[in-house]
Amino acid sequence: MEIKFNIDKDLQKEKAEFWLKKMTDKIRKITQELQSDPQILWGYRKETAYAIEVSQIYLIQVENEKTIIYTQDKTYLFKGRLYQASINLPTDFIEASRSAILNYRFIDHLEIISNGNIDALMKNGLRVQIARRKIKKLKERLGL
C-alpha cells in the first residue's frame with residue numbers, strides 16, 4: 001500500500017482521503033479512530049474520579065478481582081470488568097492474557113523466560129507475562 005502525507009501548516013481543517021479497492025475491517029477501524037475524539041476511561045484514586053486518556057495507558061490488568069489501570073507513574077481503579085474497559089480501545093492495545101491488556105507502544109523489551117514464556121517489560125518498569133496462546137498475535141503486531 002502506498003501512503004502519502006501532505007503537510008500544510010496553513011490548512012484550515014485536516015482531512016484524510018483513501019483510494020481503496022475494497023473496504024476492509026482494518027480500514028474501517030482506522031477510520032473510526034481518525035473520526036473519534038480523544039478517548040478516555042474513568043479511573044478512581046481513593047474517592048476521586050479521574051479522566052485518563054487512553055493514549056496514556058500502559059496496562060489494564062485484573063488483580064485480586066479488581067481492574068487496575070496503569071499509566072506511567074500512577075495506578076487507578078476501574079469500576080468495571082476488563083472487557084468493559086477494552087470495548088473501545090484503539091489498535092495499540094493487545095490482549096496479553098485473560099487478565100491483562102497492554103499498550104504495545106509502551107513495551108520497552110521482551111524477555112524470554114527459561115520455561116519458554118515471554119514477559120513484556122514496559123517502559124514504566126511493569127512486567128507483564130504474555131500467555132502462550134497470545135504470543136503469536138503479539139509477534140505479528142510487533143512485526144517479529
Side-chain angles (χ1 to χ4, degrees), residues 1 3-18 20 23-144:
M1 175 184 283
I3 298 174
K4 180 181 178 184
F5 292 97
N6 297 307
I7 299 173
D8 181 358
K9 294 177 186 174
D10 300 324
L11 190 65
Q12 300 270 331
K13 185 178 179 183
E14 291 181 327
K15 66 178 182 177
E17 189 172 306
F18 297 93
L20 307 167
M23 179 59 80
T24 63
D25 288 337
K26 187 174 183 178
I27 298 295
R28 201 170 281 114
K29 195 164 190 169
I30 290 169
T31 303
Q32 288 174 346
E33 284 185 39
L34 288 172
Q35 291 175 330
S36 67
D37 293 329
Q39 296 173 326
I40 61 168
L41 285 178
W42 288 94
Y44 294 83
R45 297 187 78 186
K46 302 198 185 219
E47 298 300 318
T48 307
Y50 295 91
I52 308 161
E53 281 192 40
V54 170
S55 62
Q56 302 302 311
I57 296 174
Y58 281 57
L59 173 69
I60 304 172
Q61 183 167 280
V62 176
E63 298 174 4
N64 299 323
E65 299 182 17
K66 294 181 181 176
T67 306
I68 309 295
I69 298 172
Y70 292 90
T71 60
Q72 182 173 358
D73 56 356
K74 293 186 174 122
T75 60
Y76 302 89
L77 175 65
F78 178 76
K79 292 189 177 178
R81 298 199 172 268
L82 185 63
Y83 79 89
Q84 293 170 321
S86 70
I87 289 172
N88 293 317
L89 292 178
T91 57
D92 296 349
F93 286 83
I94 300 172
E95 192 175 353
S97 66
R98 288 184 179 169
S99 62
I101 300 170
L102 60 86
N103 187 335
Y104 81 90
R105 298 198 182 274
F106 293 120
I107 294 175
D108 184 55
H109 64 279
L110 300 175
E111 191 173 289
I112 299 173
I113 309 302
S114 60
N115 62 3
N117 287 342
I118 294 178
D119 282 1
L121 275 77
M122 308 300 285
K123 291 180 180 177
N124 64 351
L126 289 172
R127 177 181 289 267
V128 183
Q129 186 174 22
I130 308 299
R132 285 184 187 260
R133 66 185 175 283
K134 304 296 181 183
I135 291 173
K136 182 179 178 185
K137 193 166 200 160
L138 175 68
K139 285 183 176 181
E140 286 174 359
R141 182 66 58 86
L142 298 176
L144 300 173

- request: Enter the distance from Gln72:CD to Asn124:CG here, rounded to the nearest 0.5 Å.
  value: 7.0 Å
- prompt: Heavy atoms, side chains only, cut-off 4.5 Å: are Ile118 and Glu111 in contact?
  reply: no
- prompt: Which heavy atom in Asp119 sits nearest to a heavy atom in Gln129, and how many Å separate them?
  reply: OD1-CA, 3.3 Å
field: Any Asn103 side-chain heavy atom under 4.5 Å of Ile57 side chain
entry: no
message: Working to the nearest 0.5 angstrom, can you tell me the gap between Ile101 CD1 and Leu89 CG?
response: 6.0 Å
task: Please test Trp42 against Ile52 for side chain to side chain contact (heavy atoms under 4.5 Å, CB included), starting from the C-alpha separation and ending with a verdict.
output: CA-CA 6 Å; Trp42 288 94; Ile52 308 161; over 6 Å; no
query: So Leu77 and Arg45, side chain to side chain contact (heavy atoms under 4.5 Å, CB included) or not? Walk me through it.
result: CA-CA 7 Å; Leu77 175 65; Arg45 297 187 78 186; over 6 Å; no
Arg98 side-chain N/O to Ala131 backbone N/O, donor-acceptor pair under 3.5 Å: no
message: Rounded at 0.5 Å granularity, tell me how far NZ in Lys66 sits from OG1 in Thr75.
response: 11.5 Å
field: Over-ring placement of Lys79 relative to Tyr44, 6.0 Å and 45° cut-offs
entry: yes
- prompt: Are Tyr76 and Ile68 side-chain neighbours, meaning at least one heavy-atom pair lies under 4.5 Å?
  reply: no
- request: Specify the closest pair of heavy atoms between Ala100 and Val128, including all atoms of both residues, with the distance to one decimal.
  value: CB-CG1, 4.3 Å
task: Kindly indicate whether the side chain of Lys134, heavy atoms from C-beta on, has any atom under 4.5 Å from the side chain of Leu138.
output: no
Between CD1 on residue Ile60 and CD on residue Glu95, distance to nearest 0.5 Å: 11.5 Å
query: Considering all heavy atoms of both residues, which atom of Leu82 and which atom of Ser99 are nearest to each other, and what is their separation?
result: CD2-C, 3.6 Å
- request: Report, as yes or no, whether the 6.0 Å neighbourhood of atom CD1 on Ile112 holds more than 12 heavy atoms from other residues, nucleotides or ligands.
  value: no
- prompt: When you measure from the side chain of Gln84 to the backbone N and O of Arg81, does any donor-acceptor pair fall under 3.5 Å?
  reply: yes
message: Looking at Asn117, is its backbone amide N or carbonyl O close enough to the side chain of Arg132 to form a donor-acceptor pair, meaning the two atoms are under 3.5 Å apart?
response: no
Expected output: side-chain Thr67 to main-chain Gly80 donor-acceptor under 3.5 Å: yes
field: Side chain proximity check, Val54 to Phe93, heavy atoms < 4.5 angstrom
entry: yes
message: Are there over 12 heavy-atom neighbours, none belonging to Glu65, within less than 6.0 Å of that residue's CD?
response: no
- prompt: Rounded to the nearest 0.5 Å, how far apart are NZ of Lys137 and CD1 of Ile135?
  reply: 14.0 Å
- prompt: Should Leu126 and Leu102 count as side-chain neighbours, where that means a heavy-atom distance under 4.5 Å?
  reply: no
- prompt: Which value, rounded to the nearest 0.5 Å, describes the distance between Met122 atom CE and Tyr70 atom OH?
  reply: 11.5 Å
